[in-house]
Each structure stands twice: as structure tokens, then as C-alpha cells.
Amino acid sequence: MIAVLKQGTTQTQTEHLIQWLKDRNLDVHISQGKEVTILGLIGDTSRVDMELLSSLDIVESVKRVSEPFKQVNRTFHPLDTVVEAGSAKIGGGHFAMIAGPCSVESEDQIIQVASAVKDAGATILRGGAFKPRTSPYAFQGMKDEGILLLLKAKAATGLPIVTEIMNISTLDLFADVDIIQVGARNMQNFDLLKELGKTKKPILLKRGLANTLQELLMSAEYILSEGNENVILCERGIRTFETYTRNTLDLSAVSVLQDLSHLPVIVDPSHATGKARLVPPMALAATAAGADGLMIEVHNNPSCALCDGAQSLTPEQFAELNQKVQQIREVVK
């Protein structure tokens, strides 16, 4: 349920109403816009008499929210959320270019790639330290050493970093990581999501391989319900009957998610297609669709990459792509 307050409502009147609602065991989410204040009521709203609430002098209107996701709902929070990570901003007109290798392989490799993507226009450095792999025999990442190398690359370039967490037991290792990524396989690891919700760190939440958009938003709701509003949604393709590409990129998700939610939405065309030559056209299409950012895998020597070399661009290809992305952004502004 939401209650829209009338213009001219004083801070004291608002606080009295909020306390009255809290006395009925409701949590109250406040969305303060330039012209309107919205109170989002979370909990058993059957305790509230809608007619009584509507009749209050300071209340413009009252509406029940039918969707199961509440705090991520744009009805609760009409303005776009802007997530800040170091010097980077995502959402609300701020576009993020996230780039880097699938996995951290060595100090020279990550610093070299970080410097190259920064020069090419990247605003955030990505790199995998813990790698969830389908095969137990595949490279699993450098783990805690990989995070240390990412931090060295951050120190060398100034780029904020994003890397994936697989288990809440390793959370302490992410103390200096700017954005914690929740991968597709962990999208419905609800215990992990709740613990991440108790932090204030930005969380990049990837859509699961076979999950609906409502399920993605409900996973984000787990994080917000614990107090962390710094969530970035990521469309990275879903599994369908098509086998030519690694996954099927659902670009309609960008518009749907932006209609339903105030959270920023980015697109990962690298994992969606699995083929480097398909990454640029899908990245440009995602930009034209209104995405708030892109996540691109870049490796200084893709043919020798320990993970996902086939879908990685070279730094030169990334630089060329970024120029085109910025041109598309100018067109769709």
C-alpha cells in the first residue's frame, strides 16, 4: 500500500503519520520527490483502514500495490535510483561502462587490462576472483589472491572494481571491493541475498539462467528488505532452445524492468552471446534500448585466456565499441 501526501504537508505532520502507521506494526518507506512525498507501507496492511487513511487532511490518495515486490517497485519510489561506486554512478541518466577480464590471472594481466580499458573509457573494472564453473576441473579463479590483485589494479588506475561473491563466508574479503556481484547461479541464494542486504555496498544482481523478471525483482527485494537500496539489475541472457548463442539475450527486459522498478538496469552481452563478434552489435542494441550501462569482457590476449576467451574483446575492440556506444547514447538522449 502507498499513501501520497498532499503538497504543503509539514515535517511534523509527516512524522506523526509515520508513527501512527508504525504503531500498527508496519514498516514505512519514505520516497521524497521534488513535488510529492510517498509513504510505502510494508507488512500486514489489512491493519490499516484505507478509508480512514484517505480521509486524513494531509493524504492525497491511497493505493494498494498488487505486485509481490514492494520496495523495488517504481510505485513506491517513482524517481530513478542512482547507485554510486567510487567515482562511478549508475542510473538516473548516469551510464556505466564496466569492462575487464572474465578472471584475474596475474598481476601483470589485470593491471594491463585495467589501464587499457580505462584509457578506452571504462568507468568500472570487472574481474573474477572466485569463478563458478560448470566443470570441477576448469579454472576456479585465484580467490583471495585475485581480490588482492584487483585492489592493486584499482590503486594503479583509480577505477572502482566489481567482482563476484559465491559464498557468504568470504564476505570479509570484499571489504574494499566497490561492487559485489551476485552471479546468475546465486540469484535465488536467499540466505546470501539477505546477508548482502545488511551491508551498504552496491550489489550487482544478475538474472538467473531460467528466471522470470518477477523472480529477479523478488531477489532484489530480499536485498532491499534488509536495508540495502544500492542494487543494480543485470540482464545477461536466459537459457532457451537456441544453441547457436550461449544464452538468449532478452533486451525487452531493459524496458520492462525500468517500467516496474526504480533500480538501474545494465546488460552483459558477453555472457549472453558467448561470441566476441556478437558482443558489439548486442551492446549497441542494449544502449539503444535504454540500458543504464554495459558489462563487457575484455582480455589482452583472448586466445590464451583461462576463462571465456571466446567471448572476450581485445582492448582495441573495446575502445572502438565504446566510441560507438557514446554515439548511440547521444542519439537516444
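Each residue takes its place number in the sequence, starting with 1. Just so it is clear, the structure is predicted and the values come from calculations on it, not from any experiment.
To the nearest 0.5 Å, atom CD1 of residue I161 and atom NZ of residue K154 are 5.5 Å apart. A distance of 12.0 Å separates CD of E229 from CD1 of I223, quoted to the nearest 0.5 Å. The OG atom of S61 lies 6.5 Å from the CD1 atom of I2; values are rounded to the nearest 0.5 Å.
Side-chain N/O atoms of E84 and H94 include no donor and acceptor closer than 3.5 Å. Q323 and Q327 form no side-chain donor-acceptor contact under 3.5 Å, judged by distance and modelled atom types alone. Neither side chain, R126 nor T163, offers a donor N or O lying under 3.5 Å from an acceptor on the other. Using a 3.5 Å distance cut-off with no hydrogens or angles, the side chains of D172 and T170 do not pair a donor with an acceptor. A donor atom on one side chain and an acceptor atom on the other are found under 3.5 Å apart for N211 and Q188. In this structure, a donor-acceptor pair under 3.5 Å is present between the side chains of N73 and T75. Side-chain contact of Q258 with S255: a donor-acceptor pair under 3.5 Å is absent, judged by distance alone. T37 and Q32 share a donor-acceptor pair across their side chains, judged by distance under 3.5 Å alone.
Qualifying ring pair (Phe, Tyr, Trp, His ring centres under 6.0 Å) partners for H262, counting only residues two or more places apart in sequence or in other chains: H77.
A cation-pi contact links K275 to Y244, judged by a cut-off of 6.0 Å to the six-membered ring centre and 45° from its axis.
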